[in-house]
Undergrad: 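Sharing a structure below in C-alpha cells format, with a few things to ask.
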Amino acid sequence: MKPLERRRFDAVIVGAGGSGMRASLQLAEAGLSVAVLSKVFPTRSHTVAAQGGIGASLGNMSEDHWLWHMYDTVKGSDWLGDQDAIEYMCRMAPRVVYELEHFGMPFDRNADGTIYQRPFGGHSANFGEKPVQRACAAADRTGHAMLHTLYQRNVRAHTQFFVEWMALDLVRDDAGAVVGVTALEMESGEVMVLEGKVTLLATGGAGRIFAASTNAFINTGDGLGMAARAGLPLQDMEFWQFHPTGVAGAGVLITEGVRGEGGILLNSAGERFMERYAPNLKDLASRDVVSRSIDQEIKEGRGCGPHKDYVLLKLDHLGPDVINKRLPSIREIAIKFANVDPVREPIPVVPTIHYMMGGIPTNVHGQVVAPARGDPAVPVEGLYAVGECACVSVHGANRLGTNSLLDLLVFGRSAGDHVVALNLPAQAHRSLPNDAGAPSLARLARLDGAKDGERVADVAADLRRTMQSHCGVFRNQEILSEGVRKVRELAERVARTAIGDRSRTFNTARVEALELDNLIEVAKATVVSAEARRESRGAQARSDYPDRDDVHWLRHTLWYREGDRLDYKPVTLKPLTVESFPPKVRTY
C-alpha cells in the first residue's frame, strides 16, 4: 500500500456550520493555518435551517438576567445538564450575540434600534414566574443570517475551505493523540491525510437515523461515527428532541417562534389543549412536554385530518402584517409543504425528530474527554468537538429552544480561544503512524470489491423505520429490547452492502455508503442507551417507568462501540460561581 498524500495545517476542522465557522474564525484571525472540510458549500450547512432565534438575556423587551436563563436551561435539561457548563454558556450569551451584531448580522430591530427579542418555549423571568422575551431573531431565518455572517467573516480572515470533502476517520498515534483525519475529495475520489496539530469535529447532528426528521440529508452523524470507531465514548445518546411542530407528512420545521409570536395549538374539537398540560406556559412549555402532549391528543383520538394523525397550529389571528414581517419563511413553507396559507387557515403539525442532546463528550473548552485513570473526564490529546455533534451537556435530557444556536457560538468561540492559547505555530506536528489511513482504505476497498450485496438505500430505509417505531416519543422495555435486536441485525447488513457505481468522480453512491457506516453507530448508541435507562427524563419518556429516578439515574450514559457496552459518569451539579439548582419536580 503506497502511503496516502498528506497536507499539513495547524488545525483541521471537520464541518462548516455555525460552530465550525465560529471556531475557525478565532483561529484564522489569530494567524493559524486552518483547513475547514465540508460535505457541502459552507452556507448550505444545516445551521442555515435554524429559524427562531438565539437565546440571550439582553433584556431589550423587559427585565432579564443570565441567572434566570441558567435556571430555565437546568430545568429544561431535567437536571441532566452540567451546571458549570450551563452557567458558562448563559453568562457568555449576551457577549457572543453582540459580537455577531458587530460582525454585521441583520437582526430584527426595535424602534429604539436594539435587537428585537421574542418569547420562546421554556424561557421565563424570575425562575419560572412568567414568560420572557429572550430569543434574538432575524425574522424566521436566524440560522441563515448567522451562517452567512460567519462565512463572510471567515472569507475576510482567509480561512481555507475544502468544499465537497468528506472526512472518513480520525488518525491517532501510538500514544492515542489525534493527529488529523483521512478525507475523501468527492470531485476526484482521492483519499488524503489532512494532518493537524489540533483536529476539531463540528459535524452537526444525526437526525437521519429517523424516518421523520427536520434534519437535512447531510446530517448523518459523521463526527460521531469517527469518534466511535476511534474507540471514544458517545454520551447521553438516548436523548433525542422531538420538535413539537414539523409539517405533517413532510417533517419540515415550523419554528417555535410561531408560538412565540402568539400562535396556538388546537385539537379536532378546536380546543387549545396545552392549557390542560401546562397551565402556566401553555403552548410555550418546553419541547418534550409539548411533543408528548400532542402525541397524547392524537393517541386519545383528538387528532385532526382524515386519519386523525396531526394537530393544528393556528396563526391567522396574528394578522397578515405580523406573519409577513416576523414569519415570512413559515408562510412559504406552509404553502409549499402543507398546501395551506397560514394567513387564512391553520398548519397541520406533528412531533418530528429535531435535535440530538447527546454526542461526543467534551468540556467547556471543547476538548473531547473520556474516562481514564479513574477520572471520568480526561482530555483526548489533539481532539476537540463543538456544536450538535458534541455533548458539553448544556442541554441534558431536553434542549431549551434557541440554546442550539447559542451553543454553537459560545463553544465554537471557546474552543477557538483554547486552541489559540496553545501557540500551535511554535509546535511541531506529531509523527503519523505507519498505517495512517489503513482503516479508511479498507472500508473503501470493501465497498469497491463487493460483487453483490444489499442496496445502501434499502438498509438505510429499514434503519430509519426501525428507529422511528422502536425509539419514538413514548418508549417501553418491550419496544426498546426489540429495537436493540433489530439495530444489531441491521449493523450486520450494513457490513454486507454493495454499490453499483465504481466511478471516481462525484460518486454519491460511495458517499451514501460511507454515511451509512456512521448512521449505524449512532443508531446503536441511541437504542442501547435508551433500553438501559429505566426512567422517564426529558426526551426519554417510558410508559413502563413514568417517573424520573434521581437516586439511580441522575448520571450521564457513555456508550462504547467495542462490545456495544455502557458506562456511566456523574452529572456536575455544582456551577462555577453561583448556588446550585437542586433537582425538583418539573412543571410548566
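Quick caveat: nothing in here was measured; it's all calculated off a predicted structure.
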Undergrad: With a 4.5 Å heavy-atom cut-off, do L566 and S529 have their side chains touching?
TA: yes
Undergrad: Is there a donor-acceptor pair under 3.5 Å between the side chain of Q51 and the backbone N or O of T255?
TA: yes
Undergrad: Can you list the steps and then say if V419 with L424 is a side chain to side chain contact (heavy atoms under 4.5 Å, CB included)?
TA: CA-CA 8 Å; V419 172; L424 294 182; 3.6 Å; yes
Undergrad: Please verify the inter-ring angle class for W165 with F162; under 30° counts as parallel, over 60° as perpendicular, anything in between as tilted.
TA: perpendicular
Undergrad: What closest approach, in Å, do R118 and G257 show between heavy atoms, and which atom pair accounts for it?
TA: CD-CA, 3.8 Å
Undergrad: Evaluate whether atom CZ of R44 has more than 12 neighbouring non-hydrogen atoms of other residues, nucleotides or ligands under 6.0 angstrom away.
TA: no
Undergrad: Can you check salt bridge (Lys or Arg N to Asp or Glu O under 4.0 Å) on R561 and E521, steps first, answer last?
TA: CA-CA 7 Å; R561 177 176 186 256; E521 301 300 343; 2.7 Å; yes
Undergrad: Cation over ring, R134 on F120, under 6.0 Å and within 45°?
TA: no
Undergrad: Is D375 atom CG crowded by more than 12 heavy atoms from other residues, nucleotides or ligands, each under 6.0 Å away?
TA: yes
Undergrad: Counting C-beta onward and ignoring hydrogens, is there a side-chain heavy-atom pair between E87 and Q83 closer than 4.5 Å?
TA: no
Undergrad: Hydrogens and angles aside, do D288 and Q241 bring a side-chain donor and acceptor to less than 3.5 Å of each other?
TA: no
Undergrad: Is it true that Q26 and R22 share a donor-acceptor pair across their side chains at a distance under 3.5 Å?
TA: yes
Undergrad: Just to verify, what does S24 make a side-chain contact (heavy atoms from CB on, under 4.5 Å) with, not counting sequence neighbours?
TA: I13, M21, V34, V36, N154, T159
Undergrad: To the nearest 0.5 Å, how far apart are CE in M356 and CD1 in I209?
TA: 9.0 Å
Undergrad: Is the closest basic N to carboxylate O distance between R287 and E256 below 4.0 Å?
TA: yes
Undergrad: Would a 4.5 Å heavy-atom cut-off, applied to side chains only, mark Y71 and T73 as touching?
TA: no
Undergrad: Is there a donor-acceptor contact under 3.5 Å linking the side chains of E388 and S404?
TA: no
Undergrad: So, S188 side chain and E190 main chain: donor-acceptor pair closer than 3.5 Å or not?
TA: yes
Undergrad: Return yes if a side-chain donor-acceptor contact under 3.5 Å exists between Y384 and H365, otherwise no.
TA: no
Undergrad: Can any side-chain N or O of H158 pair as donor or acceptor with the backbone N or O of G31 at less than 3.5 Å?
TA: no
Undergrad: Judged by atom type as modelled, is there a donor-acceptor pair below 3.5 Å linking the side chain of D173 to the main-chain atoms of G176?
TA: yes
Undergrad: Would you check if the side chain of S77 reaches a backbone N or O of G396 as a donor-acceptor pair within less than 3.5 Å?
TA: no
Undergrad: First locate atom CG of L383, then atom CG of L232, and finally report the distance between them rounded to the nearest 0.5 Å.
TA: 6.5 Å
Undergrad: Is the Lys NZ or Arg CZ of R565 less than 6.0 Å from the centre of Y560's six-membered ring, within 45° of the axis?
TA: yes
Undergrad: Do N60 and Y116 come close enough that some side-chain heavy atom pair is under 4.5 Å?
TA: no
Undergrad: How about K39 and S45: does a side-chain donor come under 3.5 Å of a side-chain acceptor?
TA: no
Undergrad: Between R109 and E101, does any NZ, NE, NH1 or NH2 come within less than 4.0 Å of an OD or OE carboxylate oxygen?
TA: yes
Undergrad: Go through the steps for Y568 and W553 under the test ring-ring contact (aromatic ring centres under 6.0 Å, His included), then give the verdict.
TA: CA-CA 9 Å; Y568 295 92; W553 288 104; 5.6 Å; yes
Undergrad: For the CZ atom on F506, are there more than 12 heavy atoms of other groups (residues, nucleotides or ligands in this structure) within a distance under 6.0 Å?
TA: yes
Undergrad: Could you give me the CA-CA distance, side-chain angles and deciding distance for D236 and L80, then say whether side chain to side chain contact (heavy atoms under 4.5 Å, CB included) is met?
TA: CA-CA 9 Å; D236 293 342; L80 197 77; 3.7 Å; yes
Undergrad: Could you verify whether a donor N or O on one side chain and an acceptor N or O on the other, from R8 and S33, lie under 3.5 Å apart?
TA: no
Undergrad: Enter the distance from H148:NE2 to T47:OG1 here, rounded to the nearest 0.5 Å.
TA: 11.0 Å
Undergrad: Do S57 and H65 have side-chain N/O donor and acceptor atoms under 3.5 Å apart?
TA: no
Undergrad: Under the criterion side chain to side chain contact (heavy atoms under 4.5 Å, CB included), I'd like the reasoning laid out for H243 against L253: C-alpha separation, chi angles, the key distance, then a yes or no.
TA: CA-CA 8 Å; H243 196 289; L253 177 66; 3.4 Å; yes
Undergrad: Check the surroundings of atom CD in E187: do more than 12 heavy atoms from other residues, nucleotides or ligands lie under 6.0 Å from it?
TA: no
Undergrad: Side chains of V571 and W79, heavy atoms from C-beta outward: is any pair under 4.5 Å?
TA: no
Undergrad: Ignoring hydrogens and geometry, is there a side-chain-to-backbone donor-acceptor pair from T220 to E515 under 3.5 Å?
TA: no
Undergrad: Could you tell me whether a side-chain N or O of N110 sits under 3.5 Å from a main-chain N or O of D112, the two making a donor and an acceptor?
TA: no
Undergrad: Quick one: does R208's side chain have a donor or acceptor within less than 3.5 Å of a partner on N215's backbone?
TA: yes
Undergrad: Could you check whether any side-chain heavy atom of I54 comes within less than 4.5 Å of a side-chain heavy atom of L100, counting everything from C-beta outward?
TA: yes
Undergrad: Would you confirm whether T149, through its side chain, and A145, through its main-chain N or O, come within 3.5 Å as a donor-acceptor pair?
TA: yes
Undergrad: Decide salt bridge (Lys or Arg N to Asp or Glu O under 4.0 Å) for E381 and R172; before the verdict, give the C-alpha distance in whole Å, the side-chain angles of both, and the deciding distance to 0.1 Å.
TA: CA-CA 9 Å; E381 190 74 33; R172 299 183 80 176; over 6 Å; no
Undergrad: Show every salt bridge (charged side-chain N to carboxylate O under 4.0 Å, His left out) that has at least one partner inside residues 401-422, sequence neighbours left out.
TA: E99-R413, R413-D417
Undergrad: Does L554 reach the side chain of P583, with side-chain heavy atoms less than 4.5 Å apart?
TA: yes
Undergrad: Going by heavy atoms in the side chains, are V12 and L200 under 4.5 Å from each other?
TA: no
Undergrad: Is the backbone N or O of A397 less than 3.5 Å from a side-chain atom of Q540, with the two atoms forming a donor-acceptor pair by type?
TA: no
Undergrad: Is the H123 ring parallel, tilted or perpendicular to the H69 ring (thresholds 30°, 60°)?
TA: tilted
Undergrad: Name the residue from V511, I218, T182 that meets the side-chain contact (heavy atoms from CB on, under 4.5 Å) definition with M166.
TA: V511
Undergrad: On the 0 to 90° scale, with breaks at 30° and 60°, tag the F161-Y151 ring pair as parallel, tilted or perpendicular.
TA: tilted
Undergrad: Applying side chain to side chain contact (heavy atoms under 4.5 Å, CB included) to W559 and M237, what does each step give before you reach the verdict?
TA: CA-CA 8 Å; W559 174 86; M237 290 302 295; 5.5 Å; no
Undergrad: Parallel under 30°, tilted from 30 to 60°, perpendicular over 60°: which one fits the rings of F127 and F581?
TA: tilted
Undergrad: Do you see a donor-acceptor pair shorter than 3.5 Å between the side chains of T557 and E238?
TA: yes
Undergrad: Out of D517, D169, D222, which one pairs with R229 under the salt bridge (Lys or Arg N to Asp or Glu O under 4.0 Å) rule?
TA: D169
